[in-house]
Amino acid sequence: MGLNIRDFTFLLIKTYQRYKDGYISEQTAYREAYMLNNIIKSIEVTELEARLERIEGVLQNGK
């Protein structure tokens, strides 16, 4: 897919700006922010799992 946390953080900021400028309602902003935050958390967990697997591999193989 090629998207990373920075991309979704940018979208989160854009959502806030659109809300602040009156382009979207509070409810829409809340929904978008909720979804974007969940995506960010999912990416973080996936990256942490990958790091942990690499560390475990090094510890098991002694490399």
Residue set satisfying side chain to side chain donor-acceptor pair (under 3.5 Å) with Ser25, at least two apart, ordered chain then number -> Thr28

Could you work out, with side chain to side chain donor-acceptor pair (under 3.5 Å) as the rule, every residue matching Arg31, not counting sequence neighbours?
none

Determine whether Ile40 and Leu3 fall in the same hydrophobic cluster, where Ile, Leu, Val, Met, Phe, Trp and Tyr are linked whenever their side-chain heavy atoms lie under 4.5 Å apart.
yes

Which residues, ordered by chain and number, are linked to Val45 in its hydrophobic cluster, where ILVMFWY side chains connect at heavy-atom gaps below 4.5 Å, directly or through other members?
none

If you count the non-hydrogen atoms of other residues, nucleotides and ligands that lie under 6.0 Å from CD in Glu56, is the total more than 12?
yes

CD1-NZ distance between Ile13 and Lys20, expressed to the nearest 0.5 angstrom:
11.0 Å

Sequence neighbours excluded - side chain to side chain donor-acceptor pair (under 3.5 Å) pairs with any residue from residues 5-16:
Thr15-Glu32

Just to verify, what does Ile43 make a side chain to side chain contact (heavy atoms under 4.5 Å, CB included) with, not counting sequence neighbours?
Ile5, Phe8, Ile39, Glu47

Would you compute the distance between atom CD1 of Ile24 and atom CD of Gln17 and round it to the nearest 0.5 angstrom?
10.5 Å

